[in-house]
Amino acid sequence: MSGKIVLIDGHSILNRAFYGLPDLTASGGRHTGAVYGFLNILFKILEEEQPDYLTVAFDTHAPTFRHKMYEAYKGTRHPMPEELREQVPLTQEVLKAMGVPIVMKEGFEADDILGTLSVKAEREGLDVSVVSGDRDLLQLATEKVLIRIPRTKAGKTEITDYHAGDVEEAYGLTPPQIVELKALMGDTADNIPGVPGIGIKTATKILKEYGTVENAYAHVENIRPQKAMTALRDHYDSALLSEKLAKINTDSPVELDLEKARLENLFTPEAYEMFRDLGFKKLLTRFEADPAAEKRVVEVRTVTGLQEADALLKKAAGTDRAGLYLLQQTDRKSGKCRVYGLGLSLPDQKGGVGGTYYIPAGGFVTENLLLDAVRRIAGECPLLCTFGFKEMVRAAELPESAEGSVFDIKIAAYLLDPLTSDYSFDTIAKDCGTERVLSAEEIFQSKKIPLPEQMEEDKAAVYAGETAFTALAAQPLLERKLEENGMLALFRGMEMPLVYVLADMERAGIRVLPEELEQYGNRLTEGIRQVEASVYEQAGETFNINSPKQLGEILFEKMKLPGGKKTKTGYSTAADVLEKLAPEAPIVRDILEYRQLTKLKSTYADGLASFIADDGRIHSVFHQTITATGRISSTDPNLQNIPVRMELGRQIRKVFLPAEGFVFLDADYSQIELRVLAHLSGDRKLIDAYKMEKDIHAITASQVFHVPFDQVTPLQRRNAKAVNFGIVYGISSFGLAEDLGISRKEAAEYIEQYYQTYPGIRSFLEGLVTSAREKGYSETMYGRRRPMPELKSSNFMQRQFGERVAKNAPIQGTAADIIKIAMIRVNRRLKQEKLRSRLILQVHDELLLETAKDELETVSRILEEEMTGAAKLAVRLEIDMHTGNSWYEAK
DNA sequence: TCGCTGAGA
DNA sequence: GCTTGTCTCAGCGAT
């Protein structure tokens, strides 16, 4: 018999993969990095070797004979981290799905199994490759048995191969002598004692001369270095024990089943499903080459004729479900929207997908015709399935339709797993196990998706068509999952209605005066010039102050300021560090001022100017699928971090103005997160504190520091305020100390006193951690989830992080939910009452409205009612409202 | 592309 | 002994 078999040391390779690769987590927080690495090594070896047979050996969980022996001798092995442990059964499942036999035997280690199988295979006349990270296995090498040891080097796996001859070359010893070597030198990693005082050099020398330990002992008197002689003489027992420990059993009761081991198709449908669930996207591509597992790629038919297009669009409006994707592009400057085509997917009778089409705009099929069709379908079709609905709302100016009649798969995917950043249609398709679609990368043969105007029409057709297909095909599963997770109400009643509000805000934009913005920038430039000159003078040279590297060298090396390295790459020059090091040093003051000025200039003055559109307004983009906690985010530009704390920065708000005839009305929630905490925790004392309707931080100070309310000092209030904020973030004594400039001990006392004062808070926060640990996620009042894979980490720091996040996410998230509700309700009221006033911005706990002067009173009332009434909490929700002729005045 | 820095809640 | 308060986005320099 001839042929080749590959034998794999499962645990050992898994171990290599675990430590050699960054930790990956699939959705749901399962760790998968080691499995992924294992498979990569496996595939690499199979490609190289093209073997006929494959078998993987694993240790059993029960302690084996050899374990017991050395554990009895000395301690235990270091325990396997939990992240790795949970991947062992997972790997076995994957192998099973691929039809690869796994051999395990109670009481025997993988080593022994590999040894036995390799001997048996060799006897059968096979070439054998044993793959393991463990050099102990070198003792198995022969002319026909190859030992292969992979190493991960800079992310790449390199494999070193040993036949018997290679072992001799590398160690100067025959493979069987490797056992003797271990017997003498020992192996701390494996708890093999060896002979104390004999290391690899002496051991090799002795074995070269005497061949075996036994023979060496017989001639012990002749052994050269005196020390080695006495060591061997005195510890011969230990050497014999070590030999037993190191010797791999090649006669274990396991069978070599070549029928099962025969390599056939690894890429089975079962394996495909597992890879997909585990998020091994790269590995999925291996299935393409295999016709059996190949899934048909969705076909998109391009429809150009007016009549045919018209018929199709009518049909879409008439069906009970339709998948729709509008390929359009909005010009940033003009705000004009161009429509390039419409992807459309229709169901079949059985609830599957019937056909997928692309209707390009052109000829008789005008852009307006397509937009009208979208409006009609949105209005008539009972379930419109989309991907990125906000863009469609903006392009077609869709009015809000009945709850439950639109389903955005992107938003659904976000709610189900808000931690990823990839909500591309092809990823959603894979996650939902629909028919195969091409990814954007495959369609355009580039990482970047081109703008619609640059797309070739045939590619645009596939892109838009498959997106529409995915929307339709993935919707049922996504809806079921939302239902299962109790998030359907959140999705239908909050996230989908919010889409219209965000679309309105984006369309509205905010007015900015370009001339004044430029003047502001010029003032900054002047200031920058002066401070810059001062810095260079004090440094004695010119350099780039914006370069932390150069700055660090100047400050800490040339000028010899106290304080050393803080970051991986060099000196930290962050403001708080500099502040602490040399608060008095004039150059530090100047640098901090320089930083402030250049930040304002580049990010705000110049940055904002580049976004002013032809209508004199900035139309920022609001994202609904970014944050882990449910907040919305803003980009291009980010209008949620416009300066306010420092006066100079705050000035920039003077260039944000309401339209002619309007004023700004700004309303922000008063300590919404703390109120949410009071509500969720149910802490009587904190709730009562809010019922007193006085300054909450002062009340806290009074209660925590045991002083009468009217004798609370400003410092006490400030400290109490910092604790109040910190609690919400899962504070540590270190963090609070840092914040307040007090000692850790004092900070710890503050926190303890706080918990004493509000006992419900501590138990509530601890309960959040426990519950998150059990369930694997945290939850807001409205059922929004945030997965918490970190809580299961074996890494202390990661786990600590997980605990803080578990405390913060439900609070921050609930506050985010509440303001989303408020936004929806405010927007609806404005429309219902046919007001000209409109929502312009949301800044997490604040809403900015452009209000018609004659509507000021009405709108104030609406805000008051809808914002405070957005949630019914155990404490009142309160808002502060201001009007003004600029954002500066209104805040 | 990554890390640092700093703006906001 | 080690770490050290949440969530973001943008600009810059170094790689």
Side-chain angles (χ1 to χ4, degrees), chain A residues 418-419 421 447 543-552 566-578 591-592 594-608 610-611 620-623 626-646 648-650 652-653 668-669 671-674 677 722-740 744 747-748 751 765 778 786 790 795-813 815-816 819 841-847 891:
Chain A
L419 295 192
S421 54
K447 287 246 179 211
F543 62 101
N544 190 340
I545 310 174
N546 281 323
S547 160
K549 190 166 169 246
Q550 293 181 36
L551 180 60
K566 263 214 84 179
T567 65
K568 281 164 276 188
T569 47
Y571 303 105
S572 170
T573 62
D576 53 333
V577 176
L578 296 186
I591 287 164
L592 294 175
Y594 174 88
R595 285 244 177 95
Q596 199 195 348
L597 294 174
T598 50
K599 175 87 178 183
L600 291 172
K601 172 86 169 114
S602 66
T603 306
Y604 297 105
D606 298 349
L608 289 175
S610 69
F611 283 103
S620 167
V621 182
F622 292 100
H623 303 270
I626 301 288
T627 71
T629 50
R631 279 186 173 177
I632 58 180
S633 78
S634 147
T635 63
D636 304 301
N638 180 0
L639 289 183
Q640 291 180 319
N641 72 343
I642 301 301
V644 70
R645 292 176 195 169
M646 308 280 279
L648 181 61
R650 191 176 195 147
I652 202 164
R653 295 180 173 231
D668 68 294
Y669 279 112
Q671 307 119 14
I672 186 167
E673 294 187 347
L674 206 53
L677 175 65
V723 178
N724 273 335
F725 272 100
I727 290 292
V728 171
Y729 296 146
I731 201 172
S732 73
S733 55
F734 185 94
L736 185 64
E738 194 81 346
D739 198 32
L740 291 178
R744 261 189 78 169
I751 295 172
L765 293 175
S778 71
R786 195 246 196 242
E790 302 94 345
N795 178 312
F796 176 76
M797 203 172 67
Q798 289 233 337
R799 220 167 41 239
Q800 289 283 95
F801 174 74
E803 289 179 13
R804 293 193 296 271
V805 168
K807 291 173 185 171
N808 172 259
I811 300 170
Q812 191 184 115
I819 196 162
L841 288 179
Q842 185 253 42
V843 192
H844 308 310
D845 66 352
E846 167 191 2
L847 297 179
K891 175 76 190 168

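Order of the sequence lines fixes the chain letters, A, B, ..., with proteins taken first and strands second; residue numbering starts at 1 for each chain.
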Report task. Measure from CZ on F801(A) to P on dT4(C) and round the result to the nearest Å. Result -> 11 Å
Report task. For S602(A), enumerate each residue passing the side chain to side chain donor-acceptor pair (under 3.5 Å) test, keeping only those at least two apart in sequence or located in another chain. Result -> none
Query raised in the report: In whole Å, what is the span from the CG atom of L578(A) to the C1' atom of dC4(B)?
Result: 12 Å
**Report entry** dG5(C) and dC2(B), which share atom name P, separated by this distance in whole Å
**Finding:** 25 Å
Query raised in the report: Can you tell if the side chain of L608(A) reaches within under 4.5 Å of the side chain of L639(A), non-hydrogen atoms only?
Result: yes
Query raised in the report: Tell me: CD of Q596(A) to P of dG11(C), nearest whole Å?
Result: 18 Å
Query raised in the report: E803(A) has an atom CD; how far is it from atom C1' of dT6(C), in whole Å?
Result: 15 Å
Requested in this report: Classify the side chain of K599(A) and the base of dG6(B) as holding, or not holding, a donor-acceptor pair under 3.5 Å.
Outcome: yes
Report task. Counting heavy atoms from C-beta on, name the nucleotide in dA14(C), dG6(B), dC7(C) closest to the side chain of A575(A). Result -> dG6(B)
Requested in this report: Please work out if R595(A) contacts a base, only the sugar-phosphate, or nothing of the nucleic acid, heavy-atom cut-off 4.0 Å.
Outcome: sugar-phosphate
**Report entry** Rounded interatomic separation in angstrom, taking CG from N641(A) and P from dC7(C)
**Finding:** 17 Å
Query raised in the report: Is there side-chain contact between I731(A) and V723(A), with at least one heavy-atom pair below 4.5 Å?
Result: no
Query raised in the report: Less than 4.5 Å apart, any side-chain heavy atom of Y729(A) and any of I811(A)?
Result: no
Requested in this report: Would you classify Q550(A) as touching base, sugar-phosphate or nothing, given that sugar-phosphate means primed atoms plus P, OP1 and OP2, and contacts are heavy atoms under 4.0 Å?
Outcome: sugar-phosphate
Report task. May I ask you to verify whether the side chain of Q800(A) and the base of dT3(C) hold a donor-acceptor pair under 3.5 Å? Result -> no
Query raised in the report: Once you round it to whole Å, what is the distance between C1' of dC12(C) and CD1 of I591(A)?
Result: 16 Å
Query raised in the report: Just checking R631(A): base, sugar-phosphate only, or nothing, at a heavy-atom cut-off of under 4.0 Å?
Result: base
Report summary line: note: N795(A), atom CG; dT3(C), atom P; distance rounded to Å ~ 10 Å
Query - Separation of dA9(B) P from N808(A) CG (nearest whole Å) - result: 16 Å
